[in-house]
Amino acid sequence: MTDRRKLLKTGALLFGVSLLAALPAVAQTQVYDPKTRKWGNYDKTEAYKYWRKNKQVPPAFRRQVVRFRTAEQPGTIIIDGNQHFLYLVQPNQTAIRYGIGVGREGFGWAGIVRVGRVAEWPTWTPPAEMVARDPKAAKWAGGQPGGPDNPLGARALYLYEGDHDTIYRIHGTPEPWTMGLNVSSGCIRMVNDDIIDLHSRIQVGAKVIVLMQGAALYKGV
Amino acid sequence: MMGRATFRGLLAVGFSALLTCAASAADLTIAMPNWASGQASANILKVGIKQALGLDADVVEMGTLIAFNGLDTGKVDVHPEVWLPNLNNLVDRYVKGSGTVTLSPVSVPAWQGICANRTAADKIGIKDIADLSDPKKTVALDTNGDGKGELWIGAETWSSTAIERVRANSYGYAKNLDLLEMPEDVGMAAVDAAEAVEKPIVFACYAPSAVFKLHQIVRLTEPPYDPAKWKIVLPSEDPAWLAKSSADVGWDAASYRIAYASSLKQRHPDVVRFLEHVDFTPDEAIDMSYALQVERKEPLAYAEQWVKDHADRVKGWAKQ
């Protein structure tokens, strides 16, 4: 219980910080309601309120098997940053769909990469510029050990182009309510349960397709 | 004559041994392209020729230029899909020029242009190329919140991508759509993802292609090709290509045919008769692409089943 309160408090703090940050214009997240078959707006306030009330993300961002017709082979990951969905292609034209949170400016890049390596409860090392401006990050300049407060969450999938680390990761998070939002620093975040599930199903080397989100926002990898 | 034939035979043996390390000397070598319908048809020809004429053929994967060189020198006997007008320069050189390569009179019509999914066509009303110039419609294609829609126009390496950029400028929809260049797998996965949540999407496409069987796809209507309005300078020809180009009409009709080494007319007139009667339809080519790309069928196993399912037709190709 103590741990959870601590987690929530830390989360609220981080949440507040990201609310203060000046955000460039990005696509308003919309959530699809399968009952009404309509799309409704979904923002940070809504997200946090929903999480506090339900202790889980809205149905659209929960892990589920969906019909997904594609020529890509089972085991391929397809990331739709605009809809905030990550698909893991399965046999018989289906996929497991997970809700994701993406970067503040949408996703920032697109292309075909692969899972180069994976880690359980990974260490997080803040980038030098974050260490310089943020005393909390400076504390972890040498690397924050894995654990419930670590921004990378329970698992990390490191995305490579050929043998080269792109510096982008698909990872867990201590802020599970941020699914469906544009809040991270360019990475793809998932609820810890979901990244543990995804990690258990994929092979190192898996193909990852990151979809485009407009010429203004993507750089080819 | 005998000496030349023997020499050619030796070369063919050496060539296939090099490529396949196979000990057996096949009667024929069929070039196999790296795209799905070509892989299926190369194998269907192999299995069909074996069944109808009793001849063995090696199927060897190779690029188009190497295949044409092989057809010219007699190292390769058949190429299953020669696309026109894309390969007009090779046709000028080897078919019209040296005469060492012959094209089958039967052609499979192909198509390229801009496609929409049913959501874009039916709910947003994007059915004609002119609809792309209506910002009230194309805002529905926005995926990054800037009020402009996005349109994938092809892979960076394709010459068709540069031409799609010219067409977007000439028609005017480049003003209200961001034109995206990405590998084909990314473009197609975007169509898959849009279909999964019933969101509209518009994209550059060509037929035959598996996407037409994978999803319900609508081809946007366009003014027909007019050579007087088709002024294309490619980036490889001039840095100012975009300013110097214009094309506000549809693509010229494309098609593909089987090509074979002209020397087959003497060596194997029965094979020539067979090849000149092979009549794949565009729908069959889509089925072939779908079977290999989506259902991941192995090309030879698929070909064996195809020939079994079309036994009378294959027999007919040999007999006519």
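Order of the sequence lines fixes the chain letters, A, B, ..., with proteins taken first and strands second; residue numbering starts at 1 for each chain. Hydrogens, waters and symmetry mates are skipped; everything else that's a heavy atom, side chains included, is used. Small disclaimer: the values here were computed from a predicted structure and weren't measured.
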Check your understanding: Near B:D309 CG, under 6.0 Å, is it more than 12 heavy atoms from other residues, nucleotides or ligands?
Key -> yes

Note: A:I112 and B:V186 closest approach over all heavy atoms is CG1-CG2, 3.5 Å

Heavy-atom closest pair (A:F68 atom, B:A193 atom, distance to 0.1 Å) is CE1-CA, 3.8 Å

Would you say that [X] contacts [Y] through its side chain, given a criterion of any heavy-atom pair below 4.5 Å between the two side chains?
X	Y	result
A:R69	B:H215	yes
B:V294	A:Q93	yes
B:D192	A:Y87	no
B:E150	A:M212	no

Problem - Side-chain donor/acceptor of B:R296 to backbone N/O of A:A71, under 3.5 Å - result: yes

Ranked by heavy-atom pairs below 4.5 Å to chain A, first place among B:A189, B:G149, B:P183 goes to B:A189

Here the gap from B:M188 atom CE to A:I78 atom CD1, rounded to the nearest 0.5 Å, amounts to 11.5 Å

Ranked by heavy-atom pairs below 4.5 Å to chain B, first place among A:K207, A:R67, A:R97 goes to A:K207

- Residues B:T143 and A:N82: side-chain donor-acceptor under 3.5 angstrom: no

